[in-house]
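Shown next, in structure tokens, is the structure this report addresses.
The basis for the numbers below is simple: all heavy atoms, side chains too, and nothing from hydrogens, waters or symmetry mates. By convention in this document, chain letters (A, B, ...) are assigned in the order of the sequence lines, proteins followed by strands, and residues within each chain are numbered from 1. Since the model is a prediction, treat every value here as computed from it, not as a measurement.
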Amino acid sequence: MGSRQIHITLPDGTRRSMPAGCTAGEALSGPGKSLSPEILAAKVNGVLMDLATVLKEDASLEPVTFESPEGKDVYRHSSTHIMAQAVKELFPSAQLAIGPAIEEGFYYDFAFERPFTPGDLEKIEERAHEIIKADRPFRRMEMPRQEAIRVFKERGEGYKVDILEHIDDPTASLYSQGEFIDLCRGPHVPSTGRIAALKLLSGAGAYWRGDERNPMLQRIYGTSFPTQAALDAHLAKLEEIKRRDHRRLGKELDLITIQDEIGPGLVLWHPKGALIRLLIENFWREQHLQQGYELVYSPHVARLDLWRTSGHVDYYRENMFVPMKVEASEYQLKPMNCPFHIMIYKSHLRSYRDLPIRYGELGTVYRYERTGVLHGLLRVRGFTQDDAHLFCRPDQIETEVGRVLDFTFFVLRTFGFSEFEVYLSTRPEKAVGAPEKWEQATAALEAALKSRGVAYRIDPGEGVFYGPKIDIKIKDVLGRAWQCSTVQIDFNNPERFELAYTGEDGKAHQPIMIHRALMGSIERFFGILLEHYAGAFPTWLAPVQAKVLCITDRQRAYAESVVGQLKAVGYRAEADLRNEKVGFKIREAEKAKIPYMLVVGDREMQAGTVSVRGRSGADLGSMPVVAAIDLIRADVAQAMPGR
RNA sequence: GCCCACGUAGCUCAGUCGGUAGAGCACGUCCUUGGUAAGGACGAGGUCACGCGUUCGAUCCGCGUCGUGGGCUCCA
């Protein structure tokens, strides 16, 4: 032999001697052993590469499995190539565009003369399974960019040529499995047989490079997993998401509707939905008053000139309804609340002693959203922001932002959210305000986060043009992240509206303005809550907290008296006095997701008790009415200390 | 806005290869008074989203409008 030896360092620190020219896969498995099938790719000196990569020098090696994000990426990326091959085999005239791995799967965009039908998807999936069964190896080829362009021109793949013409790298990498060749950075799993469970999910239209001026392509979404069980679990999760859909639950529980006759993106709150909203709003108002906010109201329309001053006419027009003419002037339906709060601030001369001033409003705004983006309660045209604007001195930013953060986390926790993702967005390219101001404010935001030990990520350049911001995303029970809360510094409006306060020095100074919302929009937050709780609101928010069910007509008066006792101490109770069997009444109360069912028959009536059944079947036994009230009280107090 | 699919009773959905429609649930009346997720009988309920066209005839076919759903860079 006499071949040169190289040293491989594994993640656990062990070193292994291998002949130079071995592959990454061989080096990971060790001499004479076969590679564990979980290993999909390798990190060579920290760079993600194929297992077939030939090693010529000493290197550190790390196995990559499906468990890591990179592993999932490789797996799904290989999957999408398999799907693309299936499409090309069945529909040779389809052209390849792009096909990346995405969070929970993959897609591939094709240029094709017609959309793919569900029947096409079935055939494509079948063919993909055959390709997997054939276990064709993925082979990497590298060639000069020009040559790659020639290859794809020959194959009639115009989009690949377009991609190649837009990249700088003088060499391009191509991957093939069998007859199929695709431009691809890689890496890939060693062969198609490594994809254990693959499923195509849906087809959709998508623009080339996401630009609506470009041609529409046909996108196919799919996903893949290393075991059938994992795929089934994923599909079950998709079913669960459907089951929790707030549009479905909103209708089923008779909480809200959005109706054609009224208009897209405009929400009707039915009595039970309105009651939950009222409870949310009451909580919000109480807490804001306690936190030193002053609550205000503002009109739904204002002169267009106000929106010229604020800059919305210039920067926000495409999201505004068209103005309406009234007498000699034009009026604008409000897309935001800030100008109104600013005008309240401006209605007096302000002293440095007055600051900070905190104005809060559940302000309903109207924004024109393109029809295609409207979605249930999550994206609407009329919604209520839990808005507030803080006016403070520059030295107060950190304290104020800190207070907002504490307040936000408190409110979100009360609504049952315990996991958060926090982002700090810094100065974008196009920005107003001096760089020093940005630096100072960004540092204050960061200091407020740090002093609370909040873990956060920086989104460089993602701030709004008028100032840096902190965004907080909440994670629901299914692990989905939703952005609700935001805290934004605004250098723009104080300038535009010439805001001022008199300082200790007797001179005019410009205040800092902070926009903030905790829930974002009540509509959206309500939709998220509905999905988070799957409609089973906690007792403090449940529109009906207890339903009294009589077994026969004989207990009707008693049932009503129990309802009366509950109402007298402030709980929301209803009686079901209908001539129906108790099983039927329980079924209905279960479906309405009412937290407590109080069953009353002759026995209970005699003893002055109720039989308590908790939501989803728990038998809590028979007890005096006061004991049932204590039960509800304890339940509410757990979520809402002090009630 | 754009691509595709869809719009039938209050809800969920069948159906009509063109001859003005059906189920389940819900609703109403009656019977039943039943102890922890559906008791029974009968009944009422529809301009088949809207408009225009083709046709002897349109809910069905064509075009348009409105609405809903999925999607529209997570960049080889």
Starting at atom [atom1] of [X], determine the distance to atom [atom2] of [N], rounded to an integer number of angstrom.
{"X": "Leu253(A)", "N": "A26(B)", "atom1": "CG", "atom2": "P", "value": "16 Å"}
{"X": "Asp254(A)", "N": "A26(B)", "atom1": "CG", "atom2": "C1'", "value": "12 Å"}
{"X": "Arg76(A)", "N": "C74(B)", "atom1": "CZ", "atom2": "C1'", "value": "13 Å"}
{"X": "His77(A)", "N": "U73(B)", "atom1": "NE2", "atom2": "C1'", "value": "14 Å"}
{"X": "Glu580(A)", "N": "A37(B)", "atom1": "CD", "atom2": "P", "value": "15 Å"}
{"X": "Arg587(A)", "N": "A38(B)", "atom1": "CZ", "atom2": "C1'", "value": "5 Å"}
{"X": "Asp109(A)", "N": "C3(B)", "atom1": "CG", "atom2": "C1'", "value": "12 Å"}
{"X": "Gln218(A)", "N": "C2(B)", "atom1": "CD", "atom2": "P", "value": "16 Å"}

Q: Sugar-phosphate means primed atoms, P, OP1 and OP2; the rest is base. With that split, encode nucleotides 42-48 of chain B 5' to 3' as B, S or - using protein heavy atoms under 4.0 Å.
A: -------
Q. How would nucleotides 64-72 of chain B be written as a contact map, 5' to 3', with B for base contact, S for sugar-phosphate-only contact and - for no contact, using protein heavy atoms under 4.0 Å?
A. ---SSSBBB
Q) Less than 3.5 Å between a donor and an acceptor, one on the side chain of Asp553(A) and one on the base of U33(B), is that the case here? A) yes
Q | No-H, no-angle donor-acceptor pair, Glu604(A) side chain to G35(B) base, under 3.5 Å | A | yes
Tell me what [X] touches on the nucleic acid: a base, only sugar-phosphate, or nothing, going by heavy atoms under 4.0 Å.
{"X": "Ile551(A)", "value": "base"}
{"X": "Gly583(A)", "value": "sugar-phosphate"}
{"X": "Ala589(A)", "value": "nothing"}
{"X": "Asp619(A)", "value": "nothing"}
{"X": "Val582(A)", "value": "sugar-phosphate"}

(Q) Between Ile163(A) and Ile98(A), does the side chain to side chain contact (heavy atoms under 4.5 Å, CB included) criterion hold? Intermediate values first, please. (A) CA-CA 9 Å; Ile163(A) 291 164; Ile98(A) 57 164; 3.6 Å; yes
**Q.** 5' priority, RNA chain B, between Phe116(A) and Glu588(A) [closest heavy atom]
**A.** Phe116(A)
Q. Between Glu590(A) and Arg578(A), which has a closest nucleotide on RNA chain B that is more 5'?
A. Arg578(A)
Q: Ignoring the backbone of Lys251(A), work out which of U12(B), C3(B), G35(B) is nearest its side chain.
A: U12(B)
Heavy atoms, side chains only, cut-off 4.5 Å: are [X] and [Y] in contact?
{"X": "Phe110(A)", "Y": "Leu96(A)", "answer": "yes"}
{"X": "Val74(A)", "Y": "Phe66(A)", "answer": "no"}
{"X": "Met623(A)", "Y": "Leu631(A)", "answer": "yes"}

Q: Take Phe112(A) and Phe91(A) through the ring pair (Phe, Tyr, Trp, His ring centres under 6.0 Å) test and state the conclusion after the steps.
A: CA-CA 9 Å; Phe112(A) 193 49; Phe91(A) 308 99; 5.2 Å; yes
**Q.** Face-on cation placement of Arg244(A) at Tyr533(A) ring, 6.0 Å and 45° thresholds
**A.** no
Q: Find out whether the Lys NZ or Arg CZ of Arg219(A) is both under 6.0 angstrom from the six-membered ring centre of Tyr107(A) and within 45° of the ring's axis.
A: yes
Residue matched to [N] through Watson-Crick or wobble contacts both under 3.5 angstrom:
{"N": "G18(B)", "result": "none"}
{"N": "C11(B)", "result": "G24(B)"}
{"N": "G51(B)", "result": "C63(B)"}
{"N": "A5(B)", "result": "U68(B)"}
{"N": "U29(B)", "result": "A41(B)"}

(Q) Measuring to OP1 and OP2 of A37(B), would you say a side-chain N or O of Arg613(A) lies under 4.0 angstrom away? (A) yes
Q) Counting heavy atoms not belonging to Arg139(A), are there more than 12 under 6.0 Å from its CZ? A) no
Q. Do we see a donor-acceptor contact under 3.5 Å between the side chains of Thr65(A) and Glu67(A)?
A. no
